[in-house]
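What follows is a single structure, written as structure tokens, with notes after it.
In what follows, every chain begins at residue 1, and chains take the letters A, B, ... in the order their sequences are listed.
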There are 2 protein chains.
Amino acid sequence: MKDVISILRHCGIQPTPQRIAVVEYVLKNKSHPSADEVLSSARKRCPTVSRATVYNTLNLLVEKGLLAMQTIKEGAVVFDSNLEKHHHFIDMDTGRIYDISWDQLQVKGKEKLKEFEVTEFQVIMRGRKKKG
Amino acid sequence: MKDVISILRHCGIQPTPQRIAVVEYVLKNKSHPSADEVLSSARKRCPTVSRATVYNTLNLLVEKGLLAMQTIKEGAVVFDSNLEKHHHFIDMDTGRIYDISWDQLQVKGKEKLKEFEVTEFQVIMRGRKKKG
DNA sequence: TCTTATTTTAGACGCTGTCAAGACTTTTCG
DNA sequence: CGAAAAGTCTTGACAGCGTCTAAAATAAGA
């Protein structure tokens, strides 16, 4: 993966220590952190970073298409660095969210919905992850 | 549809004026109201009803299986009186949520997910509703 | 009626997310 | 260089969502 600084420059975002701390965490993270989790982690690297800066940076990344925002859990939006189309599985016990690659599921029938113009979709599954 | 009072009694919930106001609105409503919308509507019928009572009642209904809770829009959970399995379409312009009946879409491949035990799922689509 | 259990209420609380004002940095350019 | 401008960060305030608690109101039971 390219280094964070060049990614930011490439999008016209000035790389500052605060932003690097945020981006470093959120783009290399395969879990689905909330803004608050990003804040805590960014503070390990840059203890003075403020909540507003974290939100600003996350919103910037979403705006630039470097990060996806998902509203699939209650309480808070989560951020997803996986930019490929994919589905989601949510473990009902742990709350953990897993990506399910796009081609593992086939959804048919959308084109028959005459009243609706579907521009994006995903399957959201809930259940339990098997051990292992 | 059965009247609200007997529905509540049947579930061991004492029908009070406040609860009736909430339930009357939320169970007969095909839109997908947030708790706040339920509060406003319930107050038309029962002006003194408090926020806590609305939340308590909604949670009770969900617990008893009379109402479903959906976290598909940011900002607030919405409540869904449609107890049949179904999918959802969200209009990106208006924010309105539409139910898509279960048999209009076919999802295949879940049974091949060896690591996950899927107990429920739905397709969430976004786009624009065509005029009409 | 007196007692007890259930409900409702108001208000406080914690959390999420946004915003404005001012301080601080980095550019830009004379 | 140095000053102005532009961009960035922080603090603190704010509004909304949802939960909780203590106390008041209501209902139920003996």
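In the set C:dT9, D:dT19, D:dC9, the nucleotide with an atom closest to the side chain of B:Tyr55 is D:dT19. Comparing atom distances between the A:Ala52 side chain and each of C:dA10, D:dT11, C:dT16 picks out D:dT11 as nearest. Taking only side-chain atoms of A:Ser50, from C-beta outward, the nucleotide of C:dG17, D:dT11, C:dT9 with the closest atom is D:dT11. When distances run from any side-chain atom of A:Thr16 to the nucleotides C:dT7, D:dC9, C:dA12, the shortest one goes to D:dC9. Of the candidates C:dT9, D:dT19, D:dA27, the closest approach to any side-chain atom of B:Gln14 belongs to D:dA27. Closest approach to the B:Arg19 side chain among C:dG17, C:dT9, C:dT7 is made by C:dT7 (side chain taken as heavy atoms from C-beta onward).
Mapped onto DNA chain D by nearest heavy atom, B:Phe79 and A:Gln18 fall at different nucleotides, with A:Gln18 at the one closer to the 5' end.
Looking only at distances, no side-chain donor or acceptor of B:Arg128 sits under 3.5 Å from a matching main-chain atom of B:Asp93. A donor-acceptor contact shorter than 3.5 Å is absent between the side chain of B:Glu63 and the backbone of B:Leu61. Under a 3.5 Å cut-off, the side chain of B:Gln104 and the backbone N or O of B:Trp102 do not form any donor-acceptor pair. Looking only at distances, a side-chain donor or acceptor of B:Arg19 sits under 3.5 Å from a matching main-chain atom of B:Gln14.
One can place CG of A:Leu39 at 12 Å from P of C:dC15, the figure rounded to the nearest angstrom. Between the P atom of C:dT16 and the CZ atom of A:Arg51 lies a distance of 8 Å, rounded to the nearest Å. In this structure, NZ of A:Lys73 is placed 12 Å from P of C:dG17, rounded to the nearest angstrom. Computed from coordinates, the A:Glu74 CD to C:dG17 C1' distance equals 17 Å when rounded to whole Å. B:Asn59 places its CG atom 13 Å from the P atom of C:dT8, with the value rounded to the nearest Å. One atom, CZ of A:Arg9, and another, P of D:dT8, lie 13 Å apart when rounded to the nearest Å. B:Leu58 places its CG atom 12 Å from the P atom of C:dT8, with the value rounded to the nearest Å. Atom P of nucleotide C:dT8 and atom CD1 of B:Ile13 are separated by 11 Å, given to the nearest angstrom.
Put simply, B:Asn56 has no side-chain N or O that comes within less than 4.0 Å of OP1 or OP2 on D:dT19. Note on B:Thr48: a side-chain N or O is less than 4.0 Å away from OP1 or OP2 of C:dT9.
At a threshold of 4.0 angstrom between heavy atoms, the contacts of B:Asp36 are confined to the sugar-phosphate backbone, with no base atom among them. As judged by a 4.0 angstrom heavy-atom cut-off over every strand, A:Ser34 is placed among residues making no nucleic acid contact.
Under the 4.0 Å criterion applied to side-chain N and carboxylate O atoms, A:Glu115 and B:Lys129 are assigned as salt-bridge partners.
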